[in-house]
There are 2 protein chains.
Amino acid sequence: MAKDTSSSDLLRGTLDTLILKTLAWGPRHGYGIARWLEDVSDDMLRIEEGSLYPALYRLEKRGYVESEWGVSELGRRAKHYRLTPFGRAQLQRETEDWTRFAQIVSRVLSTEPAS
Amino acid sequence: MAKDTSSSDLLRGTLDTLILKTLAWGPRHGYGIARWLEDVSDDMLRIEEGSLYPALYRLEKRGYVESEWGVSELGRRAKHYRLTPFGRAQLQRETEDWTRFAQIVSRVLSTEPAS
DNA sequence: CGGAATTGCCTAGAGTGTCTAGGTAATGGA
DNA sequence: TCCATTACCTAGACACTCTAGGCAATTCCG
């Protein structure tokens with residue numbers, strides 16, 4: 001039960017930002033968002049559906065995205081999401097927060113003790 | 001109740017690594033670990049005690065650190081923690097995981113849609 | 001034709017980790 | 001004397017991701 005460390009835990013607090021970023025490229029349905037993130041990350045970011053859909057509700061509830069039922073490229077029923085102006089601003093804030101945070105952590109982790 | 005985004009959420013899954021890293025510089029007591037992390041991060045990483053102490057138990061339980069009661073620099077009773085060899089190996093793994101993850105996220109977040 | 005895989009959505013519940021907010025105790029300074 | 005600091009501890013709330021299940025329609029392949 002050793003805990004696999006891998007992104008699952010690290011993803012926390014970042015998934016929302018990644019979803020918003022995906023939608024910054026244009027509207028997309030939920031399934032497509034997960035696909036896209038896996039694609040651009042060379043399969044290193046795996047978004048489980050049990051995380052994805054709740055995340056989308058969260059984002060919609062907060063006014064960052066809006067949804068609309070429609071049809072997918074393959075002709076299937078699908079819910080399309082798009083970024084609101086508010087969501088776009090939020091994305092920018094979160095991106096800045098992440099960048100700042102990641103820089104600090106990287107700096108701390110990369111500094112070697114003069115053993 | 002707007003959620004302040006700030007590091008709290010991002011810290012998830014990273015705090016343990018940061019603590020291990022702190023101890024890679026040498027033994028330290030809990031309070032000192034939090035102090036050190038705040039120092040080296042220019043006060044941008046704030047480790048709450050309610051997160052810190054449970055984290056230390058976790059790490060000890062998993063065999064990454066060992067503790068010993070002693071006395072602080074100021075002559076007060078304090079519990080000193082030090083990295084075990086296993087903890088050192090774990091630190092390396094987690095550092096690699098973090099680096100890989102951060103690179104991916106940074107890449108995704110920094111790529112601008114050709115609007 | 002039939003079954004499996006894929007697309008696409010949804011949800012309950014468990015697990016985990018951080019925080020808030022409280023507490024104890026000793027020391028040092030105003 | 002009183003308050004800030006050092007130093008530790010803990011219960012409970014909260015938030016988020018995951019596992020593991022479900023549904024329905026389409027497509028692929030034998």
Side-chain angles (χ1 to χ4, degrees), chain A residues 1-20 27-39 45-62 64-65 67-81 94 101, chain B residues 1-20 27-39 45-62 64-65 67-81 94 101:
Chain A
M1 204 54 64
K3 213 166 77 90
D4 59 349
T5 304
S6 69
S7 37
S8 338
D9 281 345
L10 296 175
L11 205 53
R12 283 224 176 223
T14 306
L15 178 56
D16 287 12
T17 313
L18 288 171
I19 292 177
L20 294 181
R28 234 186 191 76
H29 58 266
Y31 197 76
I33 293 173
R35 265 316 79 68
W36 188 82
L37 280 173
E38 285 173 10
D39 279 359
L45 294 178
R46 273 231 162 56
I47 316 303
E48 302 301 329
E49 302 192 1
S51 315
L52 174 67
Y53 295 109
L56 287 169
Y57 302 148
R58 224 163 37 225
L59 295 174
E60 182 160 30
K61 191 174 158 203
R62 290 177 188 163
Y64 300 153
V65 304
S67 67
E68 195 177 12
W69 281 102
V71 172
S72 76
E73 321 79 50
L74 297 177
R76 285 185 171 88
R77 170 182 154 279
K79 201 193 270 184
H80 292 265
Y81 289 88
E94 290 184 14
F101 177 77
Chain B
M1 203 52 64
K3 229 189 42 110
D4 57 350
T5 304
S6 69
S7 36
S8 338
D9 281 344
L10 297 175
L11 205 51
R12 282 226 174 215
T14 306
L15 178 55
D16 287 12
T17 312
L18 289 171
I19 292 177
L20 293 181
R28 234 186 191 77
H29 57 268
Y31 198 75
I33 292 173
R35 262 321 77 66
W36 188 82
L37 280 172
E38 285 173 11
D39 278 0
L45 295 177
R46 275 232 161 54
I47 317 302
E48 302 301 329
E49 303 193 0
S51 316
L52 174 67
Y53 294 110
L56 287 170
Y57 302 148
R58 226 165 33 228
L59 295 174
E60 183 160 29
K61 192 174 157 202
R62 290 176 187 165
Y64 300 154
V65 304
S67 67
E68 196 178 11
W69 280 101
V71 171
S72 76
E73 321 79 52
L74 297 177
R76 284 185 172 87
R77 169 180 156 280
K79 201 192 268 183
H80 292 266
Y81 289 88
E94 290 184 15
F101 178 77

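All values derive from a computational prediction rather than experimental measurement. Every chain is numbered from 1, with letters handed out A, B, ... down the list of sequences.
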Taking everything shown except A:Glu68 itself, do over 12 heavy atoms lie less than 6.0 Å from its CD? no
Does some side-chain heavy atom of A:Glu73 sit less than 4.5 Å from a side-chain heavy atom of A:His29? yes
Backbone of A:Val71 reached by a side-chain donor or acceptor of A:His80 within 3.5 Å: yes
Is there side-chain contact between B:Ser51 and B:Leu15, with at least one heavy-atom pair below 4.5 Å? yes
Please check the phosphate of C:dC9 (OP1 and OP2 only) for any side-chain N or O of A:Tyr53 closer than 4.0 Å. yes
Using whole Å, report how far CG of B:Leu11 lies from P of D:dC14. 21 Å
For a quick check of understanding: with a heavy-atom distance under 4.0 Å over all strands, which category does B:Arg12 fall into, base, sugar-phosphate or nothing? base
Start at the 5' end of DNA chain D and walk down; is the nucleotide closest to A:Arg76 or to A:Ile47 reached first? A:Ile47
If I take atom CZ in residue B:Arg62 and atom P in nucleotide C:dT16, what distance separates them, rounded to the nearest angstrom? 8 Å
Could you go through the side chain to side chain contact (heavy atoms under 4.5 Å, CB included) check for B:Tyr31 and B:Glu49 one step at a time? CA-CA 8 Å; B:Tyr31 198 75; B:Glu49 303 193 0; 3.6 Å; yes
Would you say A:Ser72 places a side-chain N or O within less than 4.0 Å of OP1 or OP2 belonging to C:dT7? no
For the pair made of CD in B:Glu49 and P in D:dG12, what is the distance, rounded to whole Å? 20 Å
Looking at D:dC18, I'd like to know if its phosphate oxygens (OP1 or OP2) sit under 4.0 Å from a side-chain N or O belonging to A:Ser51. yes
Going by heavy atoms in the side chains, are A:Asp16 and A:Arg62 under 4.5 Å from each other? yes
Remember a base hit wins even if backbone is also touched, and classify A:Arg77 as base, sugar-phosphate or nothing at under 4.0 Å, heavy atoms. sugar-phosphate
Would you please test B:Ile33 and B:Leu56 for side chain to side chain contact (heavy atoms under 4.5 Å, CB included) and show each step? CA-CA 10 Å; B:Ile33 292 173; B:Leu56 287 170; 4.0 Å; yes
Minimum heavy-atom separation for A:Glu38 to A:Leu45, with atom names? CG-O, 3.0 Å
D:dT17 phosphate, OP1 or OP2: any side-chain N/O from A:Arg58 under 4.0 angstrom? yes
If I take atom CD in residue A:Glu73 and atom P in nucleotide D:dT26, what distance separates them, rounded to the nearest angstrom? 15 Å
If I take atom CH2 in residue A:Trp69 and atom P in nucleotide C:dC9, what distance separates them, rounded to the nearest angstrom? 6 Å
DNA chain C contacts made by residues 30-38 of chain A, counting heavy atoms under 4.0 Å: A:Gly30, A:Tyr31
Side chains of A:Phe101 and B:Thr14, heavy atoms from C-beta outward: is any pair under 4.5 Å? yes
Between C:dT16 atom P and B:Asp9 atom CG, what is the distance in whole Å? 19 Å
Approximate separation, where rounding is to 0.5 Å, of B:Thr17 OG1 and A:Leu10 CG: 7.0 Å
Rounding to 10 degrees, work out the angle separating the end axes of the helix from C:dC1-D:dG30 to C:dA30-D:dT1 (five pairs an end). 20°
Please work out if A:Gly75 contacts a base, only the sugar-phosphate, or nothing of the nucleic acid, heavy-atom cut-off 4.0 Å. nothing
Closest listed nucleotide, where the reference is the side chain of B:His29 and the choices are C:dG8, D:dA7, C:dC10: D:dA7
How many Å lie between CG on B:Leu56 and P on D:dT10, as a whole number? 12 Å
How many whole angstroms separate atom OH of A:Tyr81 from atom P of C:dC10? 6 Å
